[in-house]
Every structure is written in C-alpha cells, then in structure tokens.
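All values below come from the heavy atoms of this structure, side chains included, with hydrogens, waters and symmetry mates left out.
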Amino acid sequence: MMRVGEFVAFCCAFSVVVTWMFNRTGQSLPLVMLLHVSVNNFMSLPYGEMFPSIATAEQASHVTLLAATTAAILLLIATRGRLGYRPAEEPAPELAQAELNAA
C-alpha cells in the first residue's frame, strides 16, 4: 500500500514538472510526451545498472518521489507558482471595436 501512495505522490509532483514543460515549450505536446517517455525509459533500462545499490523497486520509488518532489518545489519557487504560464494578450479596446466595425 505504501508504494501506491508513493506513486500517487510522484504523479502529483511530476505533473507540476510536466505542466511547466508544456507551458514553456509553447504548449508542445510532443515535447511533453518525450519528457514522460524519457523518465519511463530511464527508470526501466539504465537505472538499475547505474545505481546498483538502490536498484530495488521500493528504493526506486523512493528515489523517483524525491527527485520529482525536488524538481516540483524548485520550479514552483523559480516561477513563483506560475509554471511558465503566460495568458493570451487581450486586444486593446480600440482594436476590438475596430474589428467589430470592420465585420
């Protein structure tokens, strides 16, 4: 049951990282997918060979949770909670009126 809780916590923290990546890349879904696949492949293939002393599934879930939480906290601090979000610029009232008159 502990690993399920760690996985849910990891997903929440990783979603902060994914949201930042989505916002900062101009809403590029392929780059977000590449980030997600990179994390999955790293944990599946080279992780155990690179870190043999912490290669058990339980230890791997601790490490991924710690890494994702650290990245999420740093991004939240660095972006002041905005995660790279930039609202669309609203047109000036004069331009909006001119567009209505032209139509």
Side-chain angles (χ1 to χ4, degrees):
M1 189 64 174
M2 181 68 169
R3 285 189 51 203
V4 172
E6 285 182 347
F7 179 72
V8 170
F10 165 76
C11 289
C12 291
F14 189 60
S15 70
V16 170
V17 177
V18 167
T19 301
W20 172 79
M21 173 70 87
F22 182 74
N23 289 338
R24 289 298 295 164
T25 59
Q27 300 177 346
S28 174
L29 192 56
L31 288 176
V32 170
M33 292 169 60
L34 184 63
L35 170 68
H36 190 284
V37 168
S38 298
V39 170
N40 288 351
N41 284 338
F42 177 75
M43 292 308 295
S44 298
L45 301 173
Y47 177 80
E49 292 180 22
M50 289 179 71
F51 307 106
S53 63
I54 54 174
T56 66
E58 183 178 340
Q59 291 169 334
S61 67
H62 294 329
V63 169
T64 55
L65 176 58
L66 179 64
T69 303
T70 302
I73 289 171
L74 290 174
L75 283 173
L76 285 168
I77 291 170
T79 64
R80 296 184 188 132
R82 287 184 239 126
L83 297 176
Y85 177 70
R86 294 181 192 149
E89 295 291 327
E90 294 183 20
E94 303 84 31
L95 292 175
Q97 188 62 38
E99 289 175 3
L100 288 175
N101 291 339

* Heavy-atom count around Phe7 CZ within 6.0 Å, excluding the residue itself: above 12? -> no

* To do: Inspect the surroundings of CE in Met33 and state if more than 12 heavy atoms from other residues, nucleotides or ligands are less than 6.0 Å away.
  => no

* To do: State which residues pass side-chain hydrogen bond (donor to acceptor under 3.5 Å, both in side chains) with Gln59; sequence neighbours excluded, sorted by chain then number.
  => Thr56

* Structure fact -> By side-chain hydrogen bond (donor to acceptor under 3.5 Å, both in side chains), Ser61 pairs with (sequence neighbours left out) Glu6

* Closest approach of Ala13 to Ala72 (non-hydrogen atoms, all atoms of both residues) -> O-CB, 3.6 Å

* Where Thr69 and Leu65 come nearest, the two heavy atoms and their spacing -> OG1-O, 2.7 Å

* Would you say Leu35 and Val17 make side-chain contact, with heavy atoms under 4.5 Å? -> yes

With hydrophobic residues grouped by side-chain heavy-atom distances under 4.5 Å, do [X] and [Y] end up in a single group?
X: Met50; Y: Ile54; result: yes
X: Val32; Y: Leu76; result: yes
X: Leu83; Y: Val39; result: yes

* Output all residues satisfying ring pair (Phe, Tyr, Trp, His ring centres under 6.0 Å) with Phe14, sequence neighbours left out; order by chain, then residue number. => Phe10, His36

* Asked: Who pairs with Phe51 by ring pair (Phe, Tyr, Trp, His ring centres under 6.0 Å), at least two apart in sequence or on another chain?
  -> Tyr47

* To do: Give the other cluster members for Leu45, using side-chain heavy-atom distances under 4.5 Å between Ile, Leu, Val, Met, Phe, Trp and Tyr residues; answer none if it is isolated.
  => none

* Co-members of Ile73 in a cluster of I, L, V, M, F, W and Y side chains, linked at under 4.5 Å -> Ile77

* Interatomic distance, Met21 atom CE to Gln27 atom CD [nearest 0.5 angstrom] -> 14.0 Å

* **Straight-line distance of Leu29 CG to Leu34 CG, nearest 0.5 Å** => 11.5 Å

